[in-house]
**Q** 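Mind looking over this structure? Questions follow.
Atom set for the values below is all heavy atoms of this structure, side chains included, hydrogens, waters and symmetry mates excluded.
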Amino acid sequence: MAVFAARRACEAAGLTALDWVAGALTALAEGRPLPPPFDDDARMWQTLATDPRVPDRTVGRAVPPERPPFRPPATPGASLPQPQEVAGAVVGPAAAVAKSPASGSAPYAGAFTIGRPDSSLRMSRPHMALPAVTGAAEADPLRAALDAVFAAVVTYGENHPALLAEVWSVCEGRHA
């Protein structure tokens with residue numbers, strides 16, 4: 001999945017015809033380490049900035065689908081879980097860092113975005129695609145797949161549903 005997502009991101013960005021990108025995609029497909037300039041982040045970004053063959057393609061942001069607004073529990077007397085209950089329910093690797101807040105302290109902090117992202121902002125597809133290549137090279141296959149698919153979604157931007165449909169199709173094919 002990681003290699004698939006990296007290839008799709010580079011195709012969407014128009015980078016697959018560049019020898020240095022094609023070499024990296026071939027190395028990924030063959031399970032080899034990434035070649036230069038992908039072996040050094042600074043050199044990779046410098047190569048992208050200085051190669052005159054890099055296409056000037058932009059894309060709008062990938063906007064997630066609308067979700068229904070939060071509704072508190074409808075049952076009389078029902079309450080939301082308290083932070084100490086939530087921390088006790090965390091399992092797996094996250095359990096090592098989940099702890100109940102001290103009495104009287106603020107339990108958690110969060111960042112929120114209100115409203116939809118500005119659709120007039122355009123992002124460089126080539127700049128969004130390269131992290132799919134480096135992400136796909138991660139040693140952990142799950143992290144590689146997640147990083148590469150995320151970067152591919154950003155590269156596809158407003159057209160990300162088409163990519164995700166293709167990702168789902170590939171996953172279903174491998175599962176069968």
**Q** Do Leu48 and Leu25 belong together in a cluster built from hydrophobic side chains that touch within less than 4.5 Å?
**A** yes
**Q** What I'd like to find out is whether the side chain of Phe150 reaches to under 4.5 Å of the side chain of Thr155, using heavy atoms alone.
**A** no
**Q** In this structure, are over 12 heavy atoms from other groups packed under 6.0 Å from Arg32 atom CZ?
**A** yes
**Q** Would you mind reporting whether Asp39 and Pro33 have side-chain heavy atoms less than 4.5 Å apart?
**A** no
**Q** To check you understand the geometry: which heavy-atom pair defines the closest contact between Ala152 and Ala5, and what is its length?
**A** CB-O, 3.6 Å
**Q** To the nearest 0.5 Å, what is the distance between CG on Asp40 and OG1 on Thr47?
**A** 9.0 Å
**Q** What distance separates Asp140 CG from Leu146 CG, expressed to the nearest 0.5 Å?
**A** 8.5 Å
**Q** Nearest 0.5 Å, what's the CZ-CG distance between Phe4 and Leu28?
**A** 14.0 Å
**Q** How far does CG of Asp51 sit from CG of Leu18, to the nearest 0.5 angstrom?
**A** 5.5 Å
**Q** Show your working on side chain to side chain contact (heavy atoms under 4.5 Å, CB included) between Arg43 and Phe38 and close with a plain yes or no.
**A** CA-CA 7 Å; Arg43 191 169 8 153; Phe38 288 92; over 6 Å; no
**Q** Determine, for Asp56 against Arg125, whether the closest basic-nitrogen to carboxylate-oxygen distance falls under 4.0 angstrom.
**A** no
**Q** Side chains of Leu130 and Leu15: does their closest heavy-atom pair fall under 4.5 Å?
**A** yes
**Q** Which is it for Asp41 and Met44 under the side chain to side chain contact (heavy atoms under 4.5 Å, CB included) test, yes or no, and what are the steps along the way?
**A** CA-CA 5 Å; Asp41 279 350; Met44 175 186 73; 4.1 Å; yes
**Q** Under a 4.5 Å side-chain heavy-atom rule over Ile, Leu, Val, Met, Phe, Trp and Tyr, are Val153 and Met128 clustered together?
**A** no
**Q** Please tell me if the side chains of Tyr156 and Leu164 come closer than 4.5 Å, counting only heavy atoms from C-beta onward.
**A** no
**Q** Filter on salt bridge (Lys or Arg N to Asp or Glu O under 4.0 Å), then keep only pairs touching residues 152-162, sequence neighbours left out; what's left?
**A** Arg122-Glu158
**Q** Minimum heavy-atom separation for Val3 to Ala136, with atom names?
**A** N-CB, 4.3 Å
**Q** Do the side chains of Arg8 and Thr16 get nearer than 4.5 Å, heavy atoms only?
**A** no
**Q** If you define the side chain from C-beta out and look only at heavy atoms, does anything of His127 sit under 4.5 Å from Trp45?
**A** yes
**Q** So which atom in Ala151 and which in Pro131 form the shortest heavy-atom distance, rounded to 0.1 Å?
**A** CB-C, 3.8 Å
**Q** Which pair of non-hydrogen atoms, one from Ala6 and one from Ala132, has the smallest distance, and what is that distance?
**A** CB-O, 3.5 Å
**Q** What pair of heavy atoms forms the shortest contact from Ala13 to Ala129, and how long is it?
**A** CB-CB, 3.7 Å
**Q** Does a side-chain heavy-atom distance below 4.5 Å link Arg57 with Ser124?
**A** no
**Q** Is the shortest side-chain heavy-atom distance between Glu138 and Asp147 below 4.5 Å?
**A** yes
**Q** Could you see if Val154 belongs to whatever hydrophobic cluster contains Val133? Use Ile, Leu, Val, Met, Phe, Trp, Tyr and a side-chain cutoff under 4.5 Å.
**A** no
